[in-house]
Novice: 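Structure in structure tokens, see below.
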Amino acid sequence: MGQHDGFLKYDRELPSERPPKDRVGDFKEIYEPFPEDKTKTQASRCMDCGVPFCHSGCPLGNIIPEFNAAVHDEDWKEAVSILYSTNNFPEFTGRICPAPCEASCVLGINKPPVAIEHIEKTIAEKAHELGYITAHPPKQRTGKKIAVIGSGPAGLAAADQLNKAGHWVTVFERESKVGGLLRYGIPDFKLEKWVVDRRIQIMDDEGVHFKVNAEVGKSINPEMLKDEFDSIVVCTGSTVPRNLPIPGRDLKGIHFAMDFLTLQNKEVDGEQIEKKLTAKGKNVVVLGGGDTGSDCIGTSHRQGAASVVQLELMPKPQAKRGESDPWPMWPMTLRTSSSHEEGGERQWSILTKEFIGNESGELTHVKLVDIEWVNQGGRQQMKEIEGTERLIPCELALLAVGFTQPESPLLDHLGVTKTNSGTVSAKDYQTNVESIFAAGDARRGQSLVVWAISEGREAARQVDRYLMGSTELPSKNDSFLSLEV
Ligand SMILES: Cc1cc2nc3c(=O)[nH]c(=O)nc-3n(C[C@H](O)[C@H](O)[C@H](O)COP(=O)(O)OP(=O)(O)OC[C@H]3O[C@@H](n4cnc5c(N)ncnc54)[C@H](O)[C@@H]3O)c2cc1C
Ligand code: SF4
């Protein structure tokens, strides 16, 4: 039923964040508790539009107006059942999704959109609190065996779906713990790892077999997988970091963002770490203005950096949507993350020219110059602005300029072809090798958790169809189709 005039009565409200000066003292999630009544009020802001654009904004096709109505009616069982019908892991997306659904929410045309992501997190946590999310192993097994390589959100979603379909699934993960970037990339202040552990435990109880410290192509022979399993799903992520090969790159103190973030996540988790890399007392320069860069900022502040500067090559984004990104498209506007609120300086239209070091080979400064973007023959070209070259102090530089592709050796071993950009070529998730499928960042390139889950689900469908001749696993298109009824 719901209530559809809440948007006339109530403003958008989200849980408060702990004050920045307090939260930089730990790695815990930044939000304060939020009363259930307030979430119910937020759900009532949903207008239950005739054409809910939020459905198509969400890569999973989450059925948002329906779960909002159930939350408003305090029918948690119904809300949980609607949400989990399209999303295996709303406890992850409810915390760390950039919420493209909210960008396409119809209310967002002239008012702040419905707080969809927060409502999703509340439903997911309520589901656990009320005991709705417990292990439900499949009643029947098909006898088919599937190897999933990589335990990030794509691998986990594929494994979960294929296990639900009754297949025996083994997930091979080269790290010592399961979760991919959920565990080793995304900092705890965005996603505490007990949330990942809780999910893995349920999957384990349901019969998914996890093999850690198992790198396919090194400790695990890919030929063995081909022989012993009926199908393989490659979910190895897009893990090759983009480098910045400028003079001075070899100096001590320049690291890829993931090396820095992974060590911190391991330390928070109590894992044994082989080396220590800390921002404590250092002037930190983060190269790259995206989410990974922002995670480096939050982590540097928590480690006690002396200063943090984030440099971005592109111009400062606009504050509001423009002609090129009207509603309901994803807005290319300035984003300020919780890590930015905690301090540091952001600079745009900056070209990093050189890393400068001392006689011991240690980084001491970064040389940079302001640039302007000029239109030349219809293409934007960068032009250095004369007289702006300068040095800024820096003892730790973190390269957060993206990831180029998945690692090639395993793909070559398996004999799967790649696209021109180096990702796995897998139309409808199936590679050129009939029994091998691919999903997540390895297939679509560096992306988002919500896309990885979506890809894992869709790939599982294709694997099930390949093995059984037909499939009853749902597709995101099912929820779009139901709109037409
Ligand atoms: C620092 C950082 C922060 C991010 N923050 C967000 C965010 O806030 N919100 C969001 O939506 N997205 C975020 N992303 C993006 C998101 O994490 C990824 O898009 C998503 O995790 C991709 O999932 P995946 O399963 O395809 O790959 P991954 O999560 O990369 O998992 C791949 C797994 O495969 C394993 N593997 C690789 N090769 C082998 C092998 N040969 N044998 C065995 N195992 C192997 C890896 O160890 C890894 O565990 C972030 C990314 C980074 C780097
Ligand atoms: S998964 Fe992301 S895009 Fe989909 S409904 Fe949740 S917050 Fe929105």
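Every number for a ligand or one of its atoms is a count from 1 in the order of the listing. What you see is a predicted model; the values in this text were computed from it and never measured.
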Novice: What does the 4.0 Å heavy-atom contact list look like for ligand 1?
Specialist: I96, P98, I149, G150, S151, G152, P153, A154, F172, E173, R174, E175, G180, L181, G185, I186, K190, A214, E215, V216, C235, T236, G237, M258, L261, T292, D295, F403, L410, G440, D441, S447, L448, V449, A452
Novice: Indicate, with yes or no, if the rings of F437 and Y466 have centres closer together than 6.0 Å.
Specialist: yes
Novice: Between T262 (side chain only) and D259 (backbone N and O only), is there a donor and an acceptor less than 3.5 Å apart?
Specialist: no
Novice: What protein atoms of element N, O or S are positioned under 2.8 Å from atom 8 (Fe) of ligand 2?
Specialist: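 Checking every protein N, O and S atom gives C101 SG.
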Novice: Quick check: closest heavy atoms across S85 and P474, and the distance to 0.1 Å?
Specialist: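 Minimum heavy-atom separation between S85 and P474: O-CG, 4.3 Å.
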Novice: Would you compute the distance between atom OG1 of T239 and atom CE of M258 and round it to the nearest 0.5 angstrom?
Specialist: 9.0 Å
Novice: Tell me whether the guanidinium CZ or amine NZ of K145 lies under 6.0 angstrom from the six-membered ring centre of W168 and within 45° of its axis.
Specialist: no
Novice: Looking at every non-hydrogen atom in both residues, tell me the closest pair between V169 and N163 and how far apart they are.
Specialist: CG2-N, 3.7 Å
Novice: Yes or no on side-chain contact (heavy atoms from CB on, under 4.5 Å) for F189 and S339, after CA distance, side-chain angles and deciding distance?
Specialist: CA-CA 9 Å; F189 53 81; S339 295; 3.5 Å; yes
Novice: Do E271 side-chain atoms and K266 backbone N/O form a donor-acceptor pair below 3.5 Å?
Specialist: no
Novice: Picking from R95, R23, K190, what satisfies side-chain hydrogen bond (donor to acceptor under 3.5 Å, both in side chains) with E29?
Specialist: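 The residue from R95, R23, K190 that satisfies side-chain hydrogen bond (donor to acceptor under 3.5 Å, both in side chains) with E29 turns out to be R95.
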